[in-house]
Amino acid sequence: MSVTTALEYLTGWALESLFHTRWWDYSCRRFQLHGYICLRCSLFWGALSVALTFLLHRGIESLVLRLPEAAQDLAAYLFLGLLLADVVMSVLSIVTLNGVLSRMNKLRASMAELSERIESALDDLKKREAEHSLKLQKIQWETLLSKKNVLHSQFLTEFPRIRSTRFDEYLNELKNARKQRKEKKHDEK
């Protein structure tokens, strides 16, 4: 239980520190620490670890030990490769998601600035130019919201309570746009 709890705390802290995104939050639960861990989940992880060690591990161990050493090595390398591929895809997904959120942040700031320019434009030409730029950026904004990214969808499905410490508003807009696409697709059926 201690090892899994420490791993969960360190993983939550590292994800938030490196990518400015909180993938889970136990802040609303009793007996929690910084929202990364809570007693209830720690007890669950401990019970699951014991069950896996004494039930599942023994059976798998006896099967693995029956294999020739070369097959054991091959299986170990195969599983290591799968683990590394998962880590690379996860990091890539997080980085691209943060890139989208950062772009949304820049677009929102630019759109606000252009809106102010439209309101205070002195002549018609400047006003039309600003309106045109605003329309283009709104199209970019809508494109970001409507774009379906398989990697983002996977994270948003697996971590429905994901929060971003820097771009939470935009992350929520992505979630809402994804939800609306699903509802529209469901309604069409």
- Cluster link Phe44 to Leu56, ILVMFWY, side chain under 4.5 Å: yes

- Looking only at heavy atoms, which two atoms of His34 and Gln32 are closest? And how far apart? N-OE1, 3.3 Å

- Contact check, side chains of Leu74 and Leu67, non-hydrogen atoms, under 4.5 Å: no

- Query: Is there a chain of hydrophobic side chains (I, L, V, M, F, W, Y, each step under 4.5 Å between heavy atoms) that links Val100 to Ile162?
  - Reply: yes

- Nearest heavy-atom approach of Cys41 to Glu8 is CB-OE1, 4.4 Å

- Message: Can you confirm whether Phe19 sits close enough to Val91 that some side-chain heavy atom of one is under 4.5 Å from a side-chain heavy atom of the other?
- Response: yes

- Task: For the pair Thr165 (side chain) and His20 (backbone), establish whether a donor and an acceptor sit closer than 3.5 Å, ignoring hydrogens and angles.
- Result: yes

- Quick one: are Met104 and Glu169 in side-chain contact, heavy atoms under 4.5 Å? no

- So Arg108 and Glu173, side-chain contact (heavy atoms from CB on, under 4.5 Å) or not? Walk me through it. CA-CA 12 Å; Arg108 175 66 54 89; Glu173 288 194 44; 3.0 Å; yes

- Step through the shown structure and confirm whether more than 12 heavy atoms of other residues, nucleotides or ligands are within 6.0 Å of CD on Glu158. yes

- Task: Please step through side-chain contact (heavy atoms from CB on, under 4.5 Å) for the pair Leu144 and Leu107, ending with a clear verdict.
- Result: CA-CA 10 Å; Leu144 282 174; Leu107 279 170; 3.8 Å; yes

- Task: Ignoring hydrogens and angles, tell me if any N or O in the side chain of Ser27 forms a donor-acceptor pair with the backbone of Asp25 under 3.5 Å.
- Result: no

- Query: Does any N or O in the side chain of Asn172 come within less than 3.5 Å of the main-chain N or O of Asp168, such that one atom is a donor and the other an acceptor?
  - Reply: yes

- Query: Applying the 4.5 Å side-chain criterion to the ILVMFWY set and letting contacts propagate, would Leu55 and Val64 be lumped into a single cluster?
  - Reply: no

- Should Tyr36 and Trp13 be marked as a ring-ring contact (aromatic ring centres under 6.0 Å, His included) after you check the CA-CA gap, both sets of side-chain angles, and the distance that decides it? CA-CA 7 Å; Tyr36 298 128; Trp13 173 82; 8.1 Å; no

- Item | Check: Ser2 main-chain N/O paired with Thr5 side-chain donor or acceptor under 3.5 Å | no

- Item | Joint hydrophobic cluster, Val3 plus Tyr9, side-chain heavy atoms closer than 4.5 Å | no

- On a heavy-atom basis, the closest approach of Ser42 and Met1 is O-CG, 3.1 Å

- Under a 4.5 Å side-chain heavy-atom rule over Ile, Leu, Val, Met, Phe, Trp and Tyr, are Trp23 and Leu101 clustered together? yes

- So how far is it from Trp141 CH2 to Leu136 CG, rounded to the nearest 0.5 Å? 16.0 Å

- Task: Would you please test Ile94 and Leu15 for side-chain contact (heavy atoms from CB on, under 4.5 Å) and show each step?
- Result: CA-CA 9 Å; Ile94 293 168; Leu15 285 171; 3.9 Å; yes

- Note on the structure: CD (Glu131) and NZ (Lys135) are apart, to the nearest 0.5 Å, by 6.5 Å

- Message: One pair to check against side-chain contact (heavy atoms from CB on, under 4.5 Å): Tyr26 and Phe31. What are the steps and the verdict?
- Response: CA-CA 9 Å; Tyr26 301 131; Phe31 309 112; over 6 Å; no

- Message: Using a 3.5 Å distance criterion without hydrogens, assess whether the side chain of Ser49 forms a donor-acceptor pair with backbone atoms of Trp45.
- Response: yes

- Output the distance between atom CG (Asn105) and atom OH (Tyr170), rounded to the nearest 0.5 Å. 4.0 Å

- Is there a side-chain contact between Thr11 and Trp24, using heavy atoms and a 4.5 Å cut-off? yes

- Taking Lys175 for the side chain and Pro160 for the main chain, is one N or O donor matched with an acceptor at less than 3.5 Å? yes

- Query: How long is the span from the CG atom in Leu97 to the CG atom in Leu92, to the nearest 0.5 Å?
  - Reply: 11.0 Å

- Measure the shortest side-chain to side-chain distance between Arg117 and Ser133 over non-hydrogen atoms and say whether it is less than 4.5 angstrom. no

- Query: Out of curiosity, Thr96 OG1 to Arg103 CZ, how far, rounded to the nearest 0.5 Å?
  - Reply: 14.5 Å

- Item | Neighbour count >12 (heavy atoms, 6.0 Å) for atom CZ, Arg40 | no

- Can you tell me how far CD of Glu116 sits from CG of Leu114, rounded to the nearest 0.5 angstrom? 9.5 Å

